[in-house]
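Quick notes on the structure that follows.
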Protein chains: 2
Amino acid sequence: MLALVVPIAKRPKEDVTVKLIAVFKQLIAEGTLEPGGRLPAERELAESFGVSRSSLRQALKVLEIMGVISQRVGDGTYLNKGADAILREPMEFLILLDGISFHELMEARLLVEPELAARAALRASEEDIAEIGRELRAMEAAKDDHARFVTHDLLFHQAIFHAAGNRVTSLMFSVIHKSLEKLITITSQVVEPDHTLTLHRRIYQAIRKRDQEESRRRTTEHLVDARDLLTRAAEKQSHFAMAARIQTLNKKAPRPAR
Amino acid sequence: MLALVVPIAKRPKEDVTVKLIAVFKQLIAEGTLEPGGRLPAERELAESFGVSRSSLRQALKVLEIMGVISQRVGDGTYLNKGADAILREPMEFLILLDGISFHELMEARLLVEPELAARAALRASEEDIAEIGRELRAMEAAKDDHARFVTHDLLFHQAIFHAAGNRVTSLMFSVIHKSLEKLITITSQVVEPDHTLTLHRRIYQAIRKRDQEESRRRTTEHLVDARDLLTRAAEKQSHFAMAARIQTLNKKAPRPAR
DNA sequence: GGGAAAAATTGGTTGTACCATTCCACAAGG
DNA sequence: CCTTGTGGAATGGTACAACCAATTTTTCCC
């Protein structure tokens with residue numbers, strides 16, 4: 001378990017908010033705050049720390065968006081247990097700011113997932129393999145429901161991650177899957193489900209046979225195929241993105257600069 | 001370039017803050033806000049959106065912590081260009097909340113970096129290889145300065161990531177490096193620099209020879225070695241973490257629950 | 001023209017007030 | 001005794017207003 005968390009201090013005057021976040025990090029690290037546990041009320045916390053509620057709320061909001069805590073009106077603030085969603089928002093902004101394409105996301109999968117599959121072939125428990133098989137059958141059962149089909153497609157891959165036994169890579173690539181899910185769903189509507197199923201089945205069987213090399217090869221085979229399909233779909237569907245609209249809070253748009 | 005960013009809307013009543021974040025995401029996605037550009041003043045923005053400055057500041061603070069924007073008093077708020085640091089804070093909390101060990105972080109490197117080295121051997125430009133070589137020489141020149149030595153050690157690996165040509169993996173694993181840097185620095189004090197240098201030199205030469213298989217093997221060799229060293233160091237140094245102290249804002253500690 | 005002082009701008013912080021939701025205890029009714 | 005419901009307390013969400021500190025811009029004097 002890590003603990004070298006708090007960088008002691010920064011000389012340049014930090015925000016109260018930034019300090020508060022560091023404090024919470026520390027409290028979590030030293031176990032004062034337990035996952036699932038309830039935090040004191042905002043008003044109490046603010047007084048304890050000697051800061052205003054506004055500043056405290058800024059820190060809490062950051063933690064909430066990162067998925068560290070959950071806040072519920074009328075109830076309280078709780079420290080989350082796992083943090084599956086913790087990388088989601090940041091990843092989306094990363095994709096935006098660095099202009100990362102779908103193609104590049106698929107390339108990342110292509111770099112890593114074959115190795116994870118090989119590792120899964122080596123390390124998977126019987127239960128792990130059973131889980132991968134269940135997702136495969138769930139895909140078969142959802143042939144006609146694109147959304148569900150894709151969901152189980154991704155869960156199939158994530159089951160392989162789990163079997164590979166490394167949570168870091170597992171969490172990172174689950175986030176990538178999430179970012180790709182919409183486009184994959186669109187693409188799946190023009191691809192024969194049996195085609196996808198065949199490729200997945202080969203991966204499953206390779207892992208079940210504990211054949212690392214074939215697991216790697218079959219995963220590569222599948223992802224190359226998927227990458228090419230997605231890339232083509234992304235080109236055609238790029239206008240789709242433009243159609244996406246958000247609910248704005250006000251008619252007036254902000255002036256970007258001056 | 002991605003754009004399928006905004007999930008349209010969520011039916012359950014969202015925070016104003018959450019909505020604001022979505023709005024900014026949209027503004028960035030559609031190019032209304034340009035990297036490096038200046039945002040309107042908080043007071044103007046708040047009025048434009050029809051929200052209070054408090055709520056707006058919560059949203060901005062989230063974006064700032066994630067590295068999307070930078071705020072400077074007396075100056076203004078600017079949209080960052082790249083977002084290298086965007087995953088750092090979240091990653092630290094991820095490590096904390098999920099109780100991820102140094103060992104597991106090194107396992108993640110071990111899973112991915114050999115493949116990245118192989119890809120680098122395949123794709124690296126002459127300039128990429130020169131950069132890797134420069135970092136290697138910088139390591140040699142910093143034999144006696146542990147901190148600098150480790151910095152260039154990590155930059156060496158990141159140069160390989162860059163040469164591999166995938167920014168997603170590059171960014172992700174740079175974050176992991178950052179998390180490991182302190183411990184690696186500690187470890188480096190008990191390891192002969194020439195030992196480390198030899199292992200790095202082998203990787204460099206393999207990439208320069210464009211030998212994918214050897215690049216992979218040499219990287220694995222190095223990381224296995226490093227993993228074992230780090231794991232042992234982490235056990236011995238675990239008390240080090242306990243010595244870490246943070247600057248608290250007030251004497252009173254918050255009551256964790258009730 | 002140059003430079004220093006003053007004013008305006010901007011993010012940072014605090015405090016207060018009020019709302020909507022949720023929870024909980026206690027009383028009324030069966 | 002158990003169920004029901006009702007009102008009050010606690011809690012997070014939002015809005016305003018005021019002031020501070022750092023920075024930039026403008027003004028004014030030499």
Side-chain angles (χ1 to χ4, degrees), chain A residues 10-24 33 37-80 247-250 252 254-258, chain B residues 10-24 33 37-80 247-250 252 254-258:
Chain A
K10 316 288 196 297
R11 17 264 153 267
K13 48 257 160 179
E14 292 178 313
D15 287 13
V16 171
T17 304
V18 174
K19 288 183 192 166
L20 284 173
I21 292 175
V23 170
F24 280 114
L33 296 179
R38 186 171 186 272
L39 277 68
E42 291 185 349
R43 292 163 179 85
E44 292 180 40
L45 271 178
E47 196 192 357
S48 297
F49 288 128
V51 301
S52 70
R53 200 181 150 209
S54 323
S55 298
L56 175 71
R57 274 184 61 74
Q58 287 183 33
L60 290 178
K61 189 51 81 177
V62 171
L63 296 181
E64 199 198 15
I65 299 293
M66 291 202 303
V68 177
I69 62 174
S70 295
Q71 296 190 290
R72 285 189 296 277
V73 292
D75 187 354
T77 303
Y78 298 86
L79 185 60
N80 287 341
Q247 138 188 24
T248 49
L249 293 164
N250 203 309
K252 285 183 280 187
R255 295 180 298 116
R258 66 172 179 184
Chain B
K10 318 285 196 298
R11 17 262 155 270
K13 50 255 158 184
E14 290 177 313
D15 287 12
V16 170
T17 304
V18 173
K19 288 183 193 167
L20 284 173
I21 292 174
V23 169
F24 280 113
L33 296 178
R38 186 171 186 271
L39 276 67
E42 291 187 349
R43 292 163 179 84
E44 292 179 40
L45 270 179
E47 196 191 359
S48 296
F49 288 127
V51 302
S52 70
R53 202 180 149 208
S54 330
S55 298
L56 175 70
R57 274 184 61 73
Q58 287 183 37
L60 290 178
K61 189 51 80 175
V62 171
L63 297 181
E64 197 198 18
I65 299 293
M66 291 203 303
V68 177
I69 62 175
S70 295
Q71 296 190 291
R72 284 189 296 276
V73 292
D75 187 356
T77 303
Y78 297 85
L79 185 62
N80 287 340
Q247 141 188 21
T248 49
L249 293 165
N250 202 311
K252 287 182 279 187
R255 296 178 299 118
R258 66 171 177 186

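Below, chains carry the letters A, B, ... as their sequence lines are ordered, and counting in each starts from 1.
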- Would you tell me if any nitrogen or oxygen in the side chain of B:Thr77 comes within less than 4.0 Å of OP1 or OP2 on C:dT10? no

- First encountered from the 5' end of DNA chain C, between A:Leu56 and A:Arg72: A:Leu56

- Query: Which whole-number value in Å describes the distance from B:Glu64 CD to C:dT10 P?
  - Reply: 17 Å

- Roughly how far, to the nearest 0.5 Å, is the CD1 atom of B:Ile65 from the CD1 atom of A:Ile65? 12.5 Å

- Item | Approximate separation, where rounding is to 0.5 Å, of A:Glu64 CD and B:Thr17 OG1 | 8.5 Å

- Query: From the list D:dT11, C:dG12, C:dT14, which nucleotide is the closest neighbour of the side chain of B:Glu42?
  - Reply: C:dG12

- Please determine if a side-chain N or O atom of B:Ser55 lies less than 4.0 Å away from the OP1 or OP2 oxygen of D:dG13. no

- Can you check whether A:Gln71 has a side-chain N or O nearer than 4.0 Å to OP1 or OP2 of D:dG13? yes

- Message: Expressed as a whole number of angstroms, how long is the span from A:Leu60:CG to D:dG13:C1'?
- Response: 12 Å

- Message: With a 3.5 Å distance limit and no angle check, can you tell me whether A:Ser48 reaches the backbone of A:Glu44 through a side-chain donor-acceptor pair?
- Response: yes

- For A:Glu47 and C:dT16, what is the distance between atoms CD and C1' respectively, to the nearest whole Å? 15 Å

- Note on the structure: Between OH of A:Tyr78 and C1' of D:dG12 the distance, given in whole Å, is 12 Å

- Task: Would you mind checking if B:Glu14 and B:Lys19 are paired as a salt bridge, meaning a charged N to carboxylate O distance below 4.0 Å?
- Result: no

- Between C:dA20 atom C1' and B:Glu14 atom CD, what is the distance in whole Å? 17 Å

- Task: Please report, rounded to the nearest Å, how far the C1' atom of C:dT13 is from the CZ atom of A:Phe49.
- Result: 17 Å

- Within the modelled atom types, does a donor on one side and an acceptor on the other bring the side chain of A:Arg53 and the base of D:dG13 under 3.5 Å apart? yes

- Would you please confirm or rule out a distance under 4.0 Å between OP1 or OP2 of C:dT10 and any side-chain N or O of B:Arg43? no

- Could you tell me whether the phosphate oxygens of D:dG13, OP1 or OP2, come under 4.0 Å of any side-chain nitrogen or oxygen in A:Arg57? yes

- Item | 5′-ward residue of the pair A:Gln58/A:Val73 relative to DNA chain C | A:Gln58

- Sidechain-backbone polar pair: B:Arg53 side chain, B:Glu47 backbone, donor-acceptor under 3.5 Å: no

- For the side chain of A:Val51, starting at C-beta, report the closest nucleotide among D:dA18, C:dT14, D:dA22. C:dT14

